[in-house]
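Heads up: numbering here begins at 1 and tracks the sequence. If you're wondering where the values come from, they're calculated on a predicted model, not measured in any experiment.
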Amino acid sequence: MKILGTLLPTVIAGVIAGCSAVPTQPTQSVDASLRTTIEHKHNAHVRHTHDPLPLGFDDGLRAYNAADYDTALRILHPIATEGHPEAQVIIGYMYANGEGVRPDDEHAVSWFRKAAEQGNADGQTNLGFMYATGRGVTMDPGQAMEWYLYAAEQGHAGAQQNLAAFLGGSRATWNSPQGGFDIMRSRAEKGDRDAMRVLGESYLTGTGVRQDTEIGLEWIKKAASVGSAAAQFRLGKLITSGGHNMQKDRVEGVIWIEKAADQGYLSAIQWIEENGED
């Protein structure tokens, strides 16, 4: 296993997962759990594409971890350009941190987005951070929570921690203890389907709010009904499994999962492939 980045004692909450960027003006020291180094794994790429990592990737990764950034860039940039999300994330790290290249947050966002849109959890987490802090993009709490949740749903520890801090109102991000949650609720009430889904998840899991399964399911259903693929997949899985005391109904559950798959939602497509559904 390879480690991307190093653990730093003083950072802003939710700093880029796997990167070693130090804020130019650290405003506070936060719990180290908010800045977890990411153990490099191939699972996100393999899980979604079932393709082997390209020839040379491991050499590029070794060069990156050895701080031989010129070699890493020479090897990994062509691989990233070919569309491989693991390499795209590392190139994003390099632009975000100025490792072997001139620092460029907009380029970092572009590379993180390419990986994120392929379902790569590291890319999703980092794209969420960029939206949360306004680096390379206009600050957008809704987009930040959206990308954090995509990654958190895949079990990405850094995304789960960032989302919890985000909703809990870390002082590094919000001015008030309930700032993040209030923004999310406001967006949901105005019909933002992604915010509806995030709001539902926060109630289901008790993240940033007192856990209330009934309210959580209500918001998940609303999000699914207005076309959120992630909510459709979540609802479908809950119905097929009978989770959260829902009435178990595999037929109805698969219908919702297929709706998500029809929109290109990678986790839904994978679920259908693995469970032999037509």
Candidate list I91, L73, D70, test side chain to side chain contact (heavy atoms under 4.5 Å, CB included), partner V101, passing option = L73
Using a 4.5 Å cut-off on heavy atoms from C-beta on, say whether the side chain of Y69 contacts that of M94.
-> yes
Residues that I269 engages under side-chain contact (heavy atoms from CB on, under 4.5 Å), provided they are two or more places apart = A261, E273
Do the non-hydrogen side-chain atoms of I257 and Q232 ever get within less than 4.5 Å of each other?
-> no
Rounded to the nearest 0.5 Å, how far does CD1 of I220 lie from CG of L199?
-> 8.5 Å
Atom CD of E106: over 12 foreign heavy atoms under 6.0 Å | no
Taking all non-hydrogen atoms of both residues into account, name the closest pair between G98 and P103 and its distance.
-> CA-CG, 3.7 Å
Closest heavy-atom contact between I79 and P54?
-> CG2-CG, 3.3 Å
Shortest non-hydrogen separation from A229 to A260 and the atoms involved = O-CB, 3.2 Å
Answer yes or no: is there a side-chain heavy-atom contact under 4.5 Å between N245 and T213?
-> no
Closest approach of A144 and G128, non-hydrogen atoms and distance?
-> CB-O, 3.3 Å
Separation of D140 CG from M130 CE (nearest 0.5 Å) | 14.0 Å
Tell me, with the steps shown, if M196 and V226 meet side chain to side chain contact (heavy atoms under 4.5 Å, CB included).
-> CA-CA 10 Å; M196 291 178 188; V226 295; 4.1 Å; yes
Output the distance between atom OG (S228) and atom CD (Q263), rounded to the nearest 0.5 Å.
-> 7.5 Å
Below 4.5 Å, heavy atoms only, C-beta onward: do F57 and L76 meet side chain to side chain?
-> yes
Audit row: Q88, N120, side chain to side chain contact (heavy atoms under 4.5 Å, CB included) steps and yes/no = CA-CA 10 Å; Q88 290 169 343; N120 181 277; over 6 Å; no
Examine R197 relative to Y150 and say whether NZ or CZ is less than 6.0 Å from the centre of the six-membered ring and inside a 45° cone about the ring axis.
-> yes
Main-chain N/O of W271 paired with N275 side-chain donor or acceptor, under 3.5 Å = yes
Any S110 side-chain heavy atom under 4.5 Å of R113 side chain | no
Criterion side chain to side chain contact (heavy atoms under 4.5 Å, CB included) on K259 and F233, from CA distance to verdict | CA-CA 8 Å; K259 288 179 182 290; F233 179 61; over 6 Å; no
Is any side-chain heavy atom of Q211 closer than 4.5 Å to a side-chain heavy atom of L204?
-> no
Please determine, by modelled atom types, if Q124 and E117 share a side-chain donor-acceptor pair under 3.5 angstrom.
-> no
T71 versus Y64: any side-chain heavy-atom pair under 4.5 Å?
-> no
Can T133 and R135 be said to form a side chain to side chain contact (heavy atoms under 4.5 Å, CB included), step by step?
-> CA-CA 6 Å; T133 57; R135 285 186 55 180; 3.6 Å; yes
Shortest non-hydrogen contact between A132 and Y148, atoms and distance | CB-OH, 4.0 Å
Quick one: are L238 and L217 in side-chain contact, heavy atoms under 4.5 Å?
-> yes
Pairwise distance OH(Y131) to CG(L127) - rounded to 0.5 angstrom = 5.5 Å
Between atom CZ of F112 and atom CH2 of W147, what is the distance when rounded to the nearest 0.5 Å?
-> 13.0 Å
Partners passing salt bridge (Lys or Arg N to Asp or Glu O under 4.0 Å) against D59 (at least two apart in sequence or in another chain) | R62
Can you find a side-chain donor-acceptor pair between E214 and Y203 that sits under 3.5 Å?
-> no
Between W111 and H77, what is the ring plane arrangement, given parallel below 30°, perpendicular above 60°, and tilted in between?
-> perpendicular
Where do G123 and A115 come nearest, in terms of heavy atoms and distance?
-> CA-CB, 4.2 Å
Just by distance, do the side chain of R234 and the backbone of E201 share a donor-acceptor pair under 3.5 Å?
-> no
From Q143 atom CD to D192 atom CG, the distance as rounded to the nearest 0.5 Å | 8.5 Å
Kindly work out whether a path of hydrophobic side-chain contacts (I/L/V/M/F/W/Y, heavy atoms less than 4.5 Å apart) joins L235 to I255.
-> no
